[in-house]
Structure formats: C-alpha cells, structure tokens
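Below: one structure, written as structure tokens.
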Amino acid sequence: KDNVEHEYAAQAVQNEVMNYKKQLERNHVQYQILSEVLQPDGSILLRIIKQYNNAPVGVFVNKKVSQKGVKKVSTFNTQ
C-alpha cells in the first residue's frame, strides 16, 4: 500500500511540473531550464532562470543560454 501511495505522489509531482511548464508557455514568460533532476524520493529538482513582472531579460537570458548550451524550455522549481 505504501508503494502505491508513493507512486501516486511521484506521478502527481510530474503532473505538477508539466502543468507549470504549460502555464509559463501560456503566459509567454521568458525562461530557461538550467537543470531538471529526478530525486530518489520521486521529487523533481529544477533550476530555472525566468522573467518576473514582464521585466526585460534579453541579454541576461541569452548570455546564460549561450554559455551553458541550454535550450529555452519550460520549467518547474519544486524547492
């Protein structure tokens, strides 16, 4: 029974991450994912740079993308 509850919770976290990514896209938020790591307990650790309050981010985000080789995609931070 405990394993079923854990699997349900892990799936709920994955769904929450997916919904957060869709929300960022829907709201046209500029962002980039630096890393997305699945933890042993089923949680997801997500490092992200994102735009707040429609403040311009142009050079900062583009510079980070070119330095890290990271593509712009959606993200969710569980911490």
Side-chain angles (χ1 to χ4, degrees):
K1 182 177 178 178
D2 288 335
N3 191 33
V4 172
E5 290 175 2
H6 175 75
E7 289 176 12
Y8 176 77
Q11 183 62 45
V13 168
Q14 291 176 357
N15 289 340
E16 190 173 355
V17 169
M18 184 178 59
N19 289 335
Y20 182 76
K21 290 177 180 181
K22 288 179 182 178
Q23 178 185 7
L24 288 172
E25 292 293 329
R26 212 173 25 248
N27 293 334
H28 306 286
V29 174
Q30 293 182 6
Y31 60 91
Q32 79 180 76
I33 294 176
L34 300 177
S35 66
E36 184 172 346
V37 181
L38 180 61
Q39 300 294 304
D41 65 355
S43 62
I44 298 174
L45 177 62
L46 203 42
R47 293 183 56 216
I48 181 174
I49 295 175
K50 75 175 197 173
Q51 177 185 28
Y52 286 96
N53 299 327
N54 295 320
V57 293
V59 175
F60 178 73
V61 171
N62 292 335
K63 185 176 180 183
K64 289 289 184 183
V65 170
S66 64
Q67 288 177 349
K68 299 285 185 179
V70 177
K71 297 179 182 177
K72 283 187 178 181
V73 291
S74 303
T75 188
F76 177 78
N77 189 348
T78 58
Q79 285 194 350

Reported CD-to-CD distance for the pair Q23 and E16, which is rounded to 0.5 angstrom: 10.5 Å

To the nearest 0.5 angstrom, please state how far the CG atom of L24 sits from the CD atom of Q51. 10.5 Å

Run the side-chain contact (heavy atoms from CB on, under 4.5 Å) test on Y8 and V4 for me, step by step, so that the C-alpha distance in whole Å, both residues' side-chain angles and the decisive distance to 0.1 Å come before the verdict. CA-CA 6 Å; Y8 176 77; V4 172; 5.5 Å; no

Judged by atom type as modelled, is there a donor-acceptor pair below 3.5 Å linking the side chain of D41 to the main-chain atoms of S43? yes

Under the side-chain contact (heavy atoms from CB on, under 4.5 Å) test, which residues partner Q11, sequence neighbours left out? Q14, N15

Euclidean distance, L45 CG relative to L38 CG, rounded to 0.5 Å: 10.5 Å

